[in-house]
Amino acid sequence: MLMTTKPMFDLAYEGGFAVGAFNVNNMEITQGIIEACAAEKSPCILQISKGARKYANIRFLRHIIDACVEEYPDVPIAIHCDHGDTVELIRDCIEDGYTSVMIDGSHHSFEENIALTKEAVELAHAAGVVVEAELGMLGGIEEDVVGLDAEEYEKNIEQFLTDPKEAREFYDRTGIDSLAVAIGTSHGAFKFKSEAKLAFDRIEAIMKTCPGLPLVMHGSSSVPKEFIDLINTYGGDMPGTMGVPEEQISKAVRSYGVCKVNIDTDLRLAMTAKIREVFATKPAEFDPRNYLGPARDAIREMVKRKLHMLNSAGTADEVVRQWKKLGEPMPAYYGEKAGV
Ligand code: G3H
Ligand code: 13P
Ligand code: ZN
């Protein structure tokens with residue numbers, strides 16, 4: 001069932017779980033994610049980056065997601081814009097039927113971030129769409145996502161973390177629904193040079209200045225060694241990878257108001273490892289179904305593992321009840337808008 005993230009976060013904040021936000025780029029990735037959520041009775045956020053819109057064409061992605069909604073009516077699904085950087089993009093996403101958007105002004109000054117975020121909030125709320133914003137800077141660099149080099153990030157980490165007092169002012173002046181915080185996570189597969197340590201004192205301080213505000217963790221892939229080993233065994237070359245340990249993410253989710261956790265890299269690794277394995281062990285294989293099918297299965301298993309880490313397995317029915325209780329109107333539907 002399509003909905004905003006509001007009922008998910010209402011329950012997650014108090015309930016010691018977080019909703020996994022997984023990036024979708026094509027049919028197999030989306031199917032792997034939704035199959036896992038259906039099997040584990042978990043809500044999910046399907047998030048679409050600017051790069052994904054460009055790669056797949058949003059109309060194709062929307063129809064794939066519509067198929068998920070039809071095929072799995074019991075799974076609470078939110079469609080989210082990941083790292084939206086302009087009001088124009090946010091407007092497009094709202095018109096495309098997203099139920100949630102992120103406006104990422106974290107690379108601007110505090111005042112510019114507030115101004116940009118406020119404009120996005122006014123636009124989105126008028127359409128019944130919820131808004132996530134970001135304060136503080138993450139490490140790591142990915143296509144279309146501004147970030148910091150791992151070494152520079154680790155050396156100067158304190159200055160990039162979210163300031164709890166600023167977070168309160170930002171919340172009051174923008175009216176956001178959730179806040180992505182910099183607490184030591186980083187985007188991509190090459191996050192750190194040494195073992196990651198999340199700044200739990202910082203999340204706790206943000207929770208104190210902003211009680212009740214759902215917090216979001218980006219850059220939360222764990223880059224599991226077994227997948228890097230598979231990739232390298234079957235012809236890949238990915239030395240020096242490093243992720244956020246799953247135990248630290250679990251801890252943040254269970255006790256620190258973290259309601260949404262973004263995971264993309266680990267899905268990419270699962271898919272790549274499986275495709276490499278098929279190509280390396282069956283060099284004569286040329287039917288895409290015989291490598292994309294196993295890759296979809298690998299994504300499903302990776303997502304199941306994440307849903308347990310996030311403690312969201314088994315919460316779907318409760319989220320649906322909460323959505324019905326809120327009785328909020330659905331944001332405009334893509335099909336109606338586009339006249340299809
Ligand atoms: O944090 C960013 C996501 O992993 C999306 O990456 O811009 O390469 O689609 P992308
Ligand atoms: P990872 O690169 O750690 O998977 O983070 C994804 C993300 O934050 C998407 O917004
Ligand atoms: Zn991100």
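These numbers come from the heavy atoms of this one structure, side chains and all, not from hydrogens, waters or symmetry mates. Here, residue 1 is the first one in the sequence, and each next residue gets the next number. Just so you know, ligand 1 is whichever comes first in the structure, and atom 1 is the first atom listed for that ligand.
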Considering only heavy atoms, which of [options] lies nearest to [atom]?
atom: atom 5 (C) of ligand 1; options: Asp104, Asn25, Asp264, Thr265; value: Asp264
atom: atom 1 (O) of ligand 1; options: His218, Met102, His187; value: His187
atom: atom 8 (O) of ligand 2; options: Gly219, Ser221, Ala189, Gly243; value: Gly219

**Asked** Would His218 and Glu132 count as having a side-chain donor-acceptor pair, cut-off 3.5 Å?
**Response**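 Yes - a donor-acceptor pair under 3.5 Å links their side chains.
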
**Request:** Examine the side chains of Asn262 and His187 and answer whether a donor and an acceptor come within less than 3.5 Å of each other.
**Result:** no

Side-chain heavy atoms of [X] within contact of [Y], under 4.5 Å:
X: Arg91; Y: Val87; value: yes
X: Val19; Y: Thr5; value: no
X: Cys210; Y: Arg168; value: yes

**Asked** Can you tell me if Met102 has a non-hydrogen atom under 4.0 Å from ligand 2?
**Response**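 Per 4.0 Å heavy-atom rule, Met102 does not contact ligand 2.
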
**Request:** Give a yes/no on ligand 2: does Met217 have at least one heavy atom closer than 4.0 angstrom to it?
**Result:**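 Outside the 4.0 Å threshold, so no.
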
Give the atoms of ligand 2, by number and element, whose distance to some non-hydrogen atom of [X] is under 4.0 Å.
X: Asn23; result: 9 (C)
X: His218; result: 8 (O), 10 (O)
X: Gln47; result: 9 (C), 10 (O)
X: Lys191; result: 1 (P), 2 (O), 3 (O)
X: Gly188; result: 2 (O)

**Item:** Part of Asn262 with heavy atoms under 4.0 Å of ligand 1, whether side chain, backbone, both or neither
**Value:** neither

**Item:** Output field: ring centroids Tyr234/Phe279 closer than 6.0 Å
**Value:**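 Ring-ring flag for Tyr234/Phe279: false, centres at least 6.0 Å apart.
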
**Prompt:** Is the His83 to His107 ring centre distance short of 6.0 Å?
**Reply:**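 Here the rings of His107 and His83 have centres that are no less than 6.0 Å from each other.
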
**Prompt:** With the threshold set at 4.0 Å, does a side-chain nitrogen-carboxylate oxygen contact exist between Lys41 and Asp317?
**Reply:** no

Which of the numbered atoms in ligand 1 are under 4.0 angstrom from any heavy atom belonging to [X]?
X: Ser49; value: 5 (C), 7 (O), 9 (O), 10 (P)
X: His83; value: 1 (O), 2 (C)
X: Asn23; value: 3 (C), 5 (C)

**Item:** the Zn ion (ligand 3) - closest N/O/S atom in His218
**Value:**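 Going by distance to the Zn ion (ligand 3), the closest N, O or S atom in His218 is ND1.
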
**Prompt:** Yes or no on side chain to side chain donor-acceptor pair (under 3.5 Å) for Thr174 and Thr117, after CA distance, side-chain angles and deciding distance?
**Reply:** CA-CA 6 Å; Thr174 57; Thr117 302; over 6 Å; no

**Request:** Would you please determine whether Arg268 falls within less than 4.0 Å of ligand 1 on a heavy-atom basis?
**Result:**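 Checking ligand 1 against Arg268, which is what was asked, there is a heavy-atom contact under 4.0 Å.
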
**Asked** ligand 2 versus Ser49, non-hydrogen atoms closer than 4.0 Å: side chain, backbone, both, neither?
**Response**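 The answer is neither; Ser49 stays 4.0 Å or more away.
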
**Request:** May I ask you to identify, for Val244, whether its side chain, its backbone, both or neither come under 4.0 Å of ligand 2 on a heavy-atom basis?
**Result:**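 Looking at Val244 and ligand 2, no heavy atom falls under 4.0 Å.
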
**Prompt:** For the side chain of Thr162 and the backbone of Val181, is there at least one donor-acceptor N/O pair under 3.5 Å apart?
**Reply:**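 No, because the side chain of Thr162 does not come within donor-acceptor range (under 3.5 Å) of the backbone of Val181.
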
**Message:** With clusters defined by side-chain heavy atoms of hydrophobic residues (ILVMFWY) lying less than 4.5 Å apart, directly or transitively, does Val130 cluster with Val261?
**Reply:**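 The answer is no; the residues belong to distinct hydrophobic clusters.
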
**Item:** Closest heavy-atom pair and its distance - Ala124, Val101
**Value:** CB-CG2, 4.2 Å

**Asked** If you look at every heavy atom in Asn23 and Ser49, which pair is closest and at what distance?
**Response** ND2-CB, 4.3 Å

Tell me whether [X] has any N or O atom under 3.5 angstrom from an N or O of ligand 2.
X: Asp264; result: yes
X: Ile263; result: no
X: His83; result: yes

**Request:** Could you tell me the angle subtended at the Zn ion (ligand 3) by NE2 of His83 and NE2 of His187, rounded to 10°?
**Result:**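 Taking the Zn ion (ligand 3) as the apex, the two atoms subtend 100°.
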
